[in-house]
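Notes follow the structure.
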2 protein chains.
Amino acid sequence: MKRTLSVVEYSGEEEAIALFAKALSHPVRIKILKLLASQQCCFTGELTELIPMAQSTISQHLKSLLEAGLIQGEINPPKVRYCINQDGWLKAHSIFEDFFTPDRVFGCDCPVAVRAPEGRCR
Amino acid sequence: MKRTLSVVEYSGEEEAIALFAKALSHPVRIKILKLLASQQCCFTGELTELIPMAQSTISQHLKSLLEAGLIQGEINPPKVRYCINQDGWLKAHSIFEDFFTPDRVFGCDCPVAVRAPEGRCR
DNA sequence: TTTGTTCATCGCAAATATACGATTAATCCA
DNA sequence: TGGATTAATCGTATATTTGCGATGAACAAA
């Protein structure tokens, strides 16, 4: 697509949140993560038995979760055992927590559909 | 695309997390939310001055944030004042918090690249 | 070596997302 | 009434995502 305007700059945090969020932006990946997180330990590609999707599709979603750092795979031939990547999980948790807890209280008291007096906002 | 297999069922929570995450999955939307959250009160489409993107593109991103319930707009002709939607924000916060804090501790002690004993996983 | 199992990757098709300029709608002000 | 301002929407082009079947790679067991 056209990108004639100057390139928008993003902070590392903005990029990081967006990347984690993208990994979480499909319900089947949420389902996979919940399955893995609910296991005592790891889990394997029997995901294909629990989720009615083609094996290649599951594998693709696992790959994106891997790349996001939310899970890890342990090769255990001919199987692969997946589990939550603790580091990535905690990192995602804290980055979302920080995001949703802004420094300033964002109390917007603008009554919806009512004109707010000028000067309250920049 | 082909969807020959049976339709995958998702829980309301899985869908909700994925929808919020999709709204957060682009860095410019993170930037917009941070700008709005840092304001004492609301904010307007001077976003176009702060973010070097076409006005129509900003408007498109605002729309997706609106639809996700993360912001709200107050029509103040000919301007529109946007601000964080407290309800949606808190809902997203709590749903992510719950997600990242699973009931069961997911302590995966599988040493990476080492075969784990059979039977520890279902 | 051959066969079977498991999973990743490839190749393709369809759906969605992203970005832009142009246009339209709504509203003010002269 | 006729501009001016602001922002949404439309139309279009391109990029990315999603999903599938087919194929390939790695390994264990016969």
Side-chain angles (χ1 to χ4, degrees), chain A residues 1-8 10 15 18-19 21-32 42-68 71-83 113-116 118 121, chain B residues 1-8 10 15 18-19 21-32 36 42-68 71-83 113 115-116 118 121:
Chain A
M1 46 203 138
K2 294 183 204 168
R3 288 175 184 275
T4 58
L5 295 181
S6 59
V7 178
V8 183
Y10 300 114
E15 304 257 22
L19 284 178
K22 183 169 287 188
L24 299 176
S25 70
H26 193 295
V28 83
R29 291 196 289 268
I30 300 295
K31 189 186 282 286
I32 290 172
C42 306
F43 201 76
T44 323
E46 12 179 35
L47 289 166
T48 46
E49 294 173 18
L50 299 174
I51 301 174
M53 274 184 163
Q55 177 264 325
S56 59
T57 305
I58 301 279
S59 185
Q60 229 170 356
H61 285 296
L62 288 170
K63 186 181 181 185
S64 70
L65 289 172
L66 262 179
E67 288 172 349
I71 65 174
Q72 59 186 273
E74 175 201 1
I75 298 173
N76 193 354
K79 300 190 178 184
V80 175
R81 196 183 298 277
Y82 283 105
C83 55
V114 172
R115 176 193 294 225
E118 292 298 329
C121 309
Chain B
M1 48 202 136
K2 295 182 201 167
R3 288 174 184 275
T4 58
L5 295 179
S6 59
V7 178
V8 183
Y10 301 112
E15 304 257 22
L19 284 178
K22 183 170 287 187
L24 300 176
S25 70
H26 193 295
V28 83
R29 291 196 289 269
I30 299 297
K31 189 185 282 287
I32 291 172
L36 294 180
C42 306
F43 202 76
T44 322
E46 18 184 28
L47 288 166
T48 46
E49 294 173 18
L50 298 174
I51 301 173
M53 275 184 162
Q55 177 265 325
S56 57
T57 305
I58 300 278
S59 185
Q60 229 170 356
H61 285 296
L62 287 170
K63 186 181 180 185
S64 70
L65 289 173
L66 263 179
E67 289 173 348
I71 64 174
Q72 59 187 272
E74 174 201 1
I75 297 173
N76 192 354
K79 300 189 177 184
V80 175
R81 196 183 298 278
Y82 283 105
C83 56
R115 176 193 294 227
E118 293 297 329
C121 309

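A note on names: the letters A, B, ... follow the listed sequences, proteins ahead of strands, and every chain is numbered from 1. These numbers come from a predicted model, not from an experiment.
- Two residues, A:Ser56 and B:Ser64, neighbour DNA chain C, and the one matched to the more 5' nucleotide by heavy-atom proximity is A:Ser56.
- Looking at B:Val8 and A:Pro52, their side chains come closer than 4.5 Å, going by heavy atoms from C-beta outward.
- Remark: C1' of D:dT6 and CG of B:Asn76 are 11 Å apart, rounded to the nearest angstrom.
- For D:dG19, the OP1/OP2 oxygens have a side-chain nitrogen or oxygen of A:His61 closer than 4.0 Å.
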For nucleotides 13-15 of chain C, give me every protein contact, N/O to N/O, under 3.5 Å, one pair per line with atom names.
unit_1: C:dA14; atom_1: O4'; unit_2: B:Met1; atom_2: N; d: 3.0
unit_1: C:dA14; atom_1: O3'; unit_2: B:Met1; atom_2: N; d: 2.9

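- Within residues 21-30 of chain A, no residue has a heavy atom under 4.0 Å from DNA chain C.
- Atom OH of B:Tyr10 is separated from atom C1' of D:dT18 by 10 Å (rounded to the nearest Å).
- For the pair B:Glu46 CD and D:dT6 P, the interatomic distance rounds to 10 Å; values are reported in whole Å.
- Distance B:Lys63 NZ to D:dT9 P: 5 Å, rounded to the nearest Å.
- Rounded to whole angstrom, the span from the NZ atom of B:Lys79 across to the P atom of D:dT6 amounts to 6 Å.
- One finds the NZ atom of A:Lys63 at 8.5 Å from the OG atom of A:Ser59 (value rounded to the nearest 0.5 Å).
- A close approach under 4.0 Å does not occur between any side-chain nitrogen or oxygen of A:Thr57 and OP1 or OP2 of D:dT18.
- Within the model, atoms CD of A:Gln55 and CD of A:Gln60 stand 10.5 Å from one another, a figure rounded to the nearest 0.5 Å.
- For the pair A:Glu67 CD and C:dA8 P, the interatomic distance rounds to 12 Å; values are reported in whole Å.
- Separation of atoms CD1 (A:Ile32) and CD1 (A:Ile58) is listed at 5.0 Å; rounding is to 0.5 Å.
- Side-chain atoms of B:Leu47 and B:Leu62, non-hydrogen and from C-beta on, do get closer than 4.5 Å to each other.
- A:His26 and B:Tyr10 have perpendicular rings, their planes meeting at more than 60° on a 0 to 90° scale where under 30° would count as parallel.
- Put simply, the side chain of B:Ser25 gets close to the backbone of B:Lys22: a donor and an acceptor are under 3.5 Å apart.
- Per the geometry, CD belonging to B:Gln60 stands 15 Å off C1' belonging to C:dT23, to the nearest Å.
- The distance from atom CD1 of A:Ile58 to atom P of C:dA8 is 11 Å, rounded to the nearest whole Å.
- In this structure, NE2 in A:His61 is found 12.0 Å from NZ in A:Lys31, a value given to the nearest 0.5 Å.
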